[in-house]
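What follows is a short report on a single structure.
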2 protein chains.
Amino acid sequence: MARPCGLVYISGWIPHVSPMFSSPPRPPASPPTRSESVIETLRSAILGGEFAPGERLHEVKLTARLGVSRTPVRSALQKLASEGLLDYAPNRGYAMRDFPVDEIISAYEVRAVLEGLAARLATERGLTAVHRALLERALADGDQLLAGGALSPVDRGVYRDVNSTIHETIHAAAGSRMLADMVRLCQHVPVSSPRNVVAFEVRDVRRRHDDHHRIVEAILSRESWRAEMLMRDHVASVKTSLIRSLTGSSTAEAAPVDGRASV
Amino acid sequence: MARPCGLVYISGWIPHVSPMFSSPPRPPASPPTRSESVIETLRSAILGGEFAPGERLHEVKLTARLGVSRTPVRSALQKLASEGLLDYAPNRGYAMRDFPVDEIISAYEVRAVLEGLAARLATERGLTAVHRALLERALADGDQLLAGGALSPVDRGVYRDVNSTIHETIHAAAGSRMLADMVRLCQHVPVSSPRNVVAFEVRDVRRRHDDHHRIVEAILSRESWRAEMLMRDHVASVKTSLIRSLTGSSTAEAAPVDGRASV
DNA sequence: TCGGGCAAAAATGTATACATTTTTGTTTGA
DNA sequence: TCAAACAAAAATGTATACATTTTTGCCCGA
């Protein structure tokens, strides 16, 4: 009954004209197709935990719920299955995957080694002036945010952008589309239960921003091995926080683990 | 014009009942759907280099060529795009991706860190009796094959199976579906040119089999860091061979780099 | 000759009818 | 009562017609 499964890789258009820096990925100018809309709607529902593990997603029922025909629904389901959110079997349809804690922790392990590789590759290839400027700007922004004593909710949102800029710039500098896309996949693992939240105190944010400084410093001084190891540990530390929050509970402010947390 | 792209993850059915060891992944009992057949046909054509980089794959033309309607063709194109073989843009269709040498080399870098992680996780989790038996059997088979002086073409095929068993058993022991599937993706990078062949002398095979011995030894003795590093270098050595065969040419017997070479 | 604009052609997106498979529920027999 | 068998229902796979978008090629004017 078990079916072979495979990690797959969805591509954009014109990979050669690699956008220097693709954040934020702007939506297409033309109005989105129904398939695209359905993908977004369903992805949000899935990541939001609206489907129980193992629950089947029937095409016709979704058709009624979403107000489109089976064609875009099928297309969306196939895409979401290819992202690893759904299971699929021929003639049997799609079902919500289960994401046990083990798998979520593994995703962080995978992301840690991948981002570590990105840091190393970026170091070996060297930063362009643009990438360097982006990193230095983001580091300075982070310094300014963290100069005060506490972080407001708005500040946390801003810092999330700073964090994204740093990581995505390094991915871009690494120059591997496969690598960047695999990292993105690691960040799209749905929360399996409401208990999967990570405690982020201001102290933790400071520590992570200091990590960023050291990582960029290592990249700029061409210490590829150091850059890789620093980045690996930087990402892996989230795994530690996750495990800590799953076993003992912390009183710190909690943020959902949905890939948007500042790591 | 550039479109956001994403790595995606295609799933099998019933992930919980993780098959102890999924090689060879047996085909479904029921006859394959037209979509599945078209996927296989097109994937072979793509990996075989039948499409030039940038060449568009029109649905209707493929319809005529494959003798099915647009529906399974569309389904197959979407799947292949999700595997990273094709580019896609809404309202513009699918086109063959370009795989520059840089990207192929990066794929080996990615695979090296991923397989290294798999070795570490397998070490940390520990091997089951079944996994251990499979590894020891494969190692013994390899020893026997390499006892003689030379390797016949048949022997090379057998050794490829031995090699696959070792690597896939370690992936299974690592216990992460995402990790195993990402490794599989790394092995599905098409050859970009006929020059992308790697020289495999008997000496190289011996060396790699010795790597396998050391890796399993490290896993069994719970030396996770050593297992990770040995596996990383084991896989990365193929990258070295690839670069060597791209720059200078070797006179050794050459095998295409299609993921089936023994690594 | 070049470039913009328009219309025809072609390609992709969508809806839907039909085919095949799976699932479900009942019946029937032991 | 249980289980195998069968038929009805439902779900997915496929083909195709139509809608919308993109592409192509021509015309026209500067």
Side-chain angles (χ1 to χ4, degrees), chain A residues 1-5 10-14 17 27-42 51 54-82 85-97, chain B residues 1-5 10-14 17 27-42 51 54-82 85-97:
Chain A
M1 187 64 77
R3 300 265 310 140
C5 50
I10 263 226
S11 310
W13 190 249
I14 309 180
V17 189
S30 57
T33 63
R34 299 203 205 319
S35 291
E36 291 177 297
S37 303
V38 172
I39 288 169
E40 291 309 311
T41 303
L42 280 182
F51 299 99
E55 181 178 347
R56 290 190 58 176
L57 281 74
H58 297 283
E59 296 175 4
V60 285
K61 292 178 183 171
L62 292 174
T63 286
R65 169 175 171 175
L66 298 167
V68 297
S69 75
R70 278 179 61 205
T71 306
V73 170
R74 276 179 73 81
S75 178
L77 288 173
Q78 185 173 338
K79 172 100 193 272
L80 294 169
S82 76
L85 298 176
L86 302 177
D87 286 321
Y88 168 77
N91 290 314
R92 285 197 196 84
Y94 300 83
M96 182 64 199
R97 255 196 74 180
Chain B
M1 188 62 77
R3 300 264 311 137
C5 46
I10 263 222
S11 310
W13 191 248
I14 308 180
V17 189
S30 57
T33 63
R34 300 203 204 318
S35 291
E36 291 177 296
S37 304
V38 171
I39 288 170
E40 290 310 313
T41 303
L42 279 183
F51 299 99
E55 182 178 347
R56 290 190 56 177
L57 281 75
H58 297 283
E59 296 174 3
V60 285
K61 292 178 182 171
L62 292 173
T63 286
R65 170 174 171 177
L66 299 167
V68 297
S69 76
R70 278 180 61 205
T71 305
V73 170
R74 277 178 72 81
S75 178
L77 289 173
Q78 184 174 335
K79 172 102 192 269
L80 294 169
S82 76
L85 298 175
L86 302 177
D87 285 320
Y88 168 75
N91 290 312
R92 285 197 196 84
Y94 298 84
M96 182 63 199
R97 255 196 72 180

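A, B, ... follow the sequence lines: proteins, then strands. Residue 1 opens every chain.
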Given [N], is OP1 or OP2 found less than 4.0 Å from the side-chain N or O atoms of [X]?
{"X": "A:Y94", "N": "D:dG13", "answer": "no"}
{"X": "B:R92", "N": "C:dG13", "answer": "no"}
{"X": "B:H58", "N": "C:dT12", "answer": "yes"}
{"X": "B:T33", "N": "D:dT12", "answer": "no"}

**Study point:** Nearest-0.5 Å distance that lies between atom NZ in A:K79 and atom CG in A:L42
**Key:** 12.0 Å
Practice item. To the nearest 0.5 angstrom, please state how far the CG atom of A:L86 sits from the CE atom of A:M96. Key: 7.0 Å
Exercise for review: Would you mind telling me which of A:Q78, A:E55, A:H58 makes a side-chain contact (heavy atoms from CB on, under 4.5 Å) with A:Y94?
Suggested key: A:Q78
Review point. For A:E40, which residues count as a side-chain hydrogen bond (donor to acceptor under 3.5 Å, both in side chains) partner, sequence neighbours excluded?
Key: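 Testing A:E40 for side-chain hydrogen bond (donor to acceptor under 3.5 Å, both in side chains), a comparison that skips the adjacent residues, returns A:R43.
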Point to revise | Side chain of A:R56 - closest among C:dG13, C:dT23, D:dG13 | key: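 That would be C:dT23.
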Point to revise | Selection from D:dT23, C:dG13, C:dA15 that lies nearest to any side-chain heavy atom of A:R34 | key: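 Closest nucleotide among those given: C:dA15.
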Practice item. Please list residues of residues 64-76 of chain B whose heavy atoms come under 4.0 Å from any atom in DNA chain C, ordered by number; otherwise none. Key: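 Contacting residues: B:R70, B:R74.
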Review point. Under 3.5 Å, is there a donor-acceptor pair between the side chain of A:R56 and the main chain of A:R92?
Key: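 Yes; at least one donor-acceptor contact below 3.5 Å.
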Review point. Just by distance, do the side chain of B:E59 and the backbone of B:V73 share a donor-acceptor pair under 3.5 Å?
Key: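 No: the side chain of B:E59 does not pair with the backbone of B:V73.
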Check your understanding: In whole angstroms, how far is the P atom of C:dG13 from the CD atom of A:Q78?
Key -> 13 Å
